[in-house]
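Worksheet: one structure, shown below.
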Amino acid sequence: MDDIRNIVILTGAGISAESGLATFRGPDGLWEGHRVEDVCTPEALARDAALVHRFYDERRAKLAEVTPNAAHEALAALDAQWPGELLIVTQNVDDLHERAGAKRLIHMHGELQSALCAACGKAIRWMESLPPASVCDACGRPHLRPDIVFFGEMPYEMDAIDAALRRADLFVSVGTSGAVYPAAGFVQTALHAGARTLELNLEPSAGSFYFEESRMGPASELVPALVRDLLA
Ligand code: OAD
């Protein structure tokens, strides 16, 4: 690993599983008892805002019961100590990376603790429940919604992510099923840029094929081991 300077790390629900947060695609194919399309699409929000808001209220409240695990902490230590470029791109809407201390972080799918005004586009830090028709403090209109990137919407900061991938010497994917684009395609961008590619997951994912190396096991063991190697 001596020749590595620029690192991009993509994380998914698997990194937060050992903290007690459910992954999106459980064995029953449901996310906390719901079909993803019933709680994670603009159509669902238009059809039944009360259900969608309640669902994310429950997820936001759950954050108070969980803490970062050894994988989040190891990535925060890497962020603090890595002298080259480093970007952690998370698909997760929880706040466990930042609570562990990570700074060079992008939440590409939004954040539970943020409300987005569908009228003016302002994002507002939001820690409590978010009833439908809550009023935006910037434009005064009653269109606040969970600041979650729904299916069919554009993830955040794609230009910055793409630029980092094109400069990467190492791309690591942690605990993601590789089922959702554009994140699932990051490995190919990194490969084309000449990066080494490494997957850490409990089991082979839909995208395992693209990675030069896959290590199978719990994130709380694999991530600290990788960070020890990188910082050695
Ligand atoms: P998934 O639920 O699709 O996949 C979780 C992955 O984590 C699976 O591949 C598991 O094998 C792996 N995993 C589970 N426990 C693990 C552990 N302890 N250590 C390591 N790996 C583990 O979650 P994502 O890939 O993150 O989008 O889902 C991608 C997106 O789909 C989400 O961001 C969400 C969802 O719809 C939005 O909310 C916009």
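We number each residue from 1, following the sequence as shown. When a ligand or atom number is given, it counts from 1 through the structure's own listing order. Keep in mind that the numbers below use all heavy atoms, side chains included, and drop hydrogens, waters and symmetry copies.
- Residue contacts with ligand 1, taken as heavy atom pairs separated by less than 4.0 Å, involve Phe151 solely via side-chain atoms from C-beta onward.
- Atom numbering of ligand 1 starts at 1 in the shown order; those under 4.0 Å from a heavy atom of Ala13 are 23 (O), 24 (P), 26 (O).
- Under 4.0 Å from ligand 1, the heavy atoms of Val180 that appear belong solely to its side chain.
- Contact annotation: the side chain of Val227 approaches that of Val223 to within less than 4.5 Å [non-hydrogen atoms, C-beta and beyond].
- Remark: ligand 1 atoms within the under-4.0 Å shell around heavy atoms of Pro218 are 19 (N).
- Salt-bridge formation is detected for the pair Arg215/Glu213: a Lys NZ or Arg NE/NH1/NH2 atom is positioned less than 4.0 Å from an Asp or Glu carboxylate oxygen.
- Residue contacts with ligand 1: Ser205 is excluded, as none of its non-hydrogen atoms falls under 4.0 Å.
- Below 4.0 Å from some heavy atom of Thr176 lie the following atoms of ligand 1, by number and element: 6 (C), 9 (O), 24 (P), 25 (O).
- Residue contacts with ligand 1: Leu200 is placed with no nitrogen or oxygen under 3.5 Å of a nitrogen or oxygen of the ligand (distance criterion only).
- For Gly217, the heavy-atom gap to ligand 1 drops under 4.0 angstrom.
- Proximity of Ser220 to ligand 1, defined as any heavy-atom pair under 4.0 Å, is not found for any part of the residue.
- Looking at ligand 1, you'll find an N or O of His109 within less than 3.5 Å of one of its N or O atoms.
- If you look at Ala219 next to ligand 1, the close heavy atoms, those under 4.0 Å, come from the backbone and the side chain alike.
- Of all non-hydrogen atoms in Leu230 and Trp82, the two that sit nearest each other are O-CZ3, 3.4 Å.
- Counting only non-hydrogen atoms, the option in Ser177, Ala184, Ala183 that gets closest to atom 1 (P) of ligand 1 is Ser177.
- Salt bridge status for Arg104 with Asp79: present, with a side-chain N to carboxylate O gap under 4.0 Å.
- Interface of Glu203 with ligand 1, defined as ligand atoms under 4.0 Å from a residue heavy atom, comprises 11 (O).
- Shown in contact with Ala17 at under 4.0 Å from a heavy atom are these atoms of ligand 1, numbered in order with element: 15 (N).
- Listed by number with element, the atoms of ligand 1 under 4.0 Å from a non-hydrogen atom of Glu18 are 17 (C), 18 (N), 19 (N).
- Alongside Tyr156, the hydrophobic cluster contains Leu116, Val149 (criterion: ILVMFWY side chains under 4.5 Å).
- Within 6.0 Å of atom CZ in Phe150, more than 12 heavy atoms from other residues, nucleotides or ligands are found, so the atom counts as buried in its surroundings.
- In the vicinity of Gly12, heavy-atom distances shorter than 4.0 Å reach the ligand 1 atoms 26 (O).
- Arg54 forms no cation-pi arrangement with Tyr56, by the criterion of a distance under 6.0 Å to the ring centre and an angle within 45° of the ring axis.
- Residue Arg196 comes nearest to Glu212 through the heavy atom pair CA-OE1, 3.2 Å, listed as atom of the first residue, atom of the second, then distance.
- Ranked by closest heavy atom to atom 22 (C) of ligand 1, the top entry among Gly14, Ala206, Gly178 is Gly14.
- Considering backbone and side-chain atoms alike, Asn201 places an N or O below 3.5 Å from some N or O of ligand 1.
- No N or O atom of Val36 sits closer than 3.5 Å to an N or O atom of ligand 1.
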Atom pairs and distances, donor-acceptor, side-chain atoms in residues 122-131, under 3.5 Å, two or more places apart:
residue	atom	partner	partner atom	Å
Lys122	NZ	Asp137	OD1	3.4
Trp126	NE1	Glu128	O	3.4
Trp126	NE1	Ser129	O	3.0

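- Counting heavy-atom neighbours within 6.0 Å of Asp3 CG, excluding the residue itself, gives a total above 12.
- Looking only at atom types and distance, the side chain of Ser220 has a donor-acceptor partner in the side chain of Glu18 under 3.5 Å away.
- Taking the charged nitrogens against the carboxylate oxygens, Lys62 and Asp57 have no contact shorter than 4.0 Å, which rules out a salt bridge.
- Both the backbone and the side chain of Gln91 come within contact range of ligand 1, each with a heavy atom under 4.0 Å.
- With 3.5 Å as the limit, one finds a donor-acceptor pair spanning the side chains of Glu98 and His107.
- Close approach of ligand 1 to Gly175 (heavy-atom distance below 4.0 Å) involves ligand atoms 5 (C), 6 (C), 7 (O), 21 (N).
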